[in-house]
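Positions are given from 1, in the same order as the sequence printed here.
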Amino acid sequence: MAHETGHTFGLYDWYTLDGTDPFGPWDIMSSNWSVEAIELNSWNRYISGWLADSQVICLELSDLTNTPTTFTIENMSIESNKIKSLMVKISDSKIFIVEARATGGLDVLSPERTGLLAYTVD
């Protein structure tokens, strides 16, 4: 039911974009039969207005240098106003996204599936 409700908010089935499953089980709109990682990913939350600008670090590709930089990203499923996602514009149409995923909220992850999730959106 949660997956179908996502469509009423304008969210798409990620698993039908090009015949692949780009998000695997990492979003309710990608794997609606999963019971493991069913929280919405940060991109879906951001485009829906459920992730505030203040919760996203947005960078241009030119902002990345050889100098190490540390960013703290809180688990996506924890309710707070802390930073939830790092987004880097890598071209006019592509964004590289990093978010933290761990057990919490609707996500129930095994220890080996806990950590950073990185993906691109075109």
Side-chain angles (χ1 to χ4, degrees):
M1 219 179 339
H3 171 91
E4 297 307 326
T5 301
H7 293 303
T8 66
F9 291 110
L11 300 177
Y12 296 100
D13 290 325
W14 291 111
Y15 54 85
T16 60
L17 290 176
D18 62 0
T20 63
D21 189 3
F23 284 110
W26 295 103
D27 187 280
I28 190 66
M29 299 310 294
S30 179
S31 183
N32 58 344
W33 299 109
S34 174
V35 294
E36 189 175 26
I38 59 175
E39 290 279 342
L40 288 173
N41 64 40
S42 63
W43 178 252
N44 271 340
R45 289 176 189 226
Y46 186 70
I47 65 172
S48 298
W50 300 329
L51 199 59
D53 288 346
S54 62
Q55 293 178 286
V56 178
I57 298 170
C58 293
L59 301 172
E60 295 285 333
L61 189 57
S62 60
D63 294 332
L64 302 178
T65 66
N66 290 333
T67 305
T69 305
T70 301
F71 298 101
T72 301
I73 302 172
E74 185 176 56
N75 179 7
M76 185 58 57
S77 63
I78 296 174
E79 291 291 327
S80 78
N81 291 324
K82 293 183 179 180
I83 301 294
K84 301 290 187 177
S85 185
L86 170 69
M87 298 185 183
V88 180
K89 181 180 175 184
I90 56 177
S91 75
D92 286 339
S93 66
K94 288 187 180 182
I95 298 174
F96 176 70
I97 301 171
V98 179
E99 63 187 66
R101 298 298 287 268
T103 294
L106 300 174
D107 285 352
V108 181
L109 304 177
S110 58
E112 61 272 4
R113 293 179 66 89
T114 295
L116 294 178
L117 177 64
Y119 54 95
T120 59
V121 175
D122 187 352

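Note that CG of Leu59 is 5.0 Å distant from CZ of Phe71, once rounded to the nearest 0.5 Å. Atom-to-atom distance recorded for Asn75:CG and Thr103:OG1 is 8.0 Å, nearest 0.5 angstrom.
Between the side chain of Glu39 and the backbone N or O of Leu106 there is at least one donor-acceptor pair closer than 3.5 Å. The backbone N or O of Leu109 lies less than 3.5 Å from no partner atom in the side chain of Asp107, so there is not a single donor-acceptor pair. A donor-acceptor distance shorter than 3.5 angstrom exists from the side chain of Ser80 to the backbone of Lys82, with no hydrogens or angles considered. Remark: side-chain polar atoms of Lys84 are not paired, donor with acceptor, to backbone N or O of Ala52 under 3.5 angstrom.
Side-chain contact between Gln55 and Tyr46 is absent, with no heavy-atom pair separated by less than 4.5 Å. Side-chain contact check for Ser54 versus Asn81: every heavy-atom pair is 4.5 Å or farther apart. Counting only heavy atoms from C-beta outward, the side chains of Leu40 and Met76 never approach each other to under 4.5 Å. Side-chain contact between Tyr119 and Glu99: present, with at least one pair of heavy atoms (C-beta onward) separated by less than 4.5 Å. Annotation: side chain of Ile83 is not in contact with side chain of Thr72 (no heavy-atom distance under 4.5 Å).
Checked by atom type, the side-chain pair Ser62/Glu60 shows no donor-acceptor distance below 3.5 Å.
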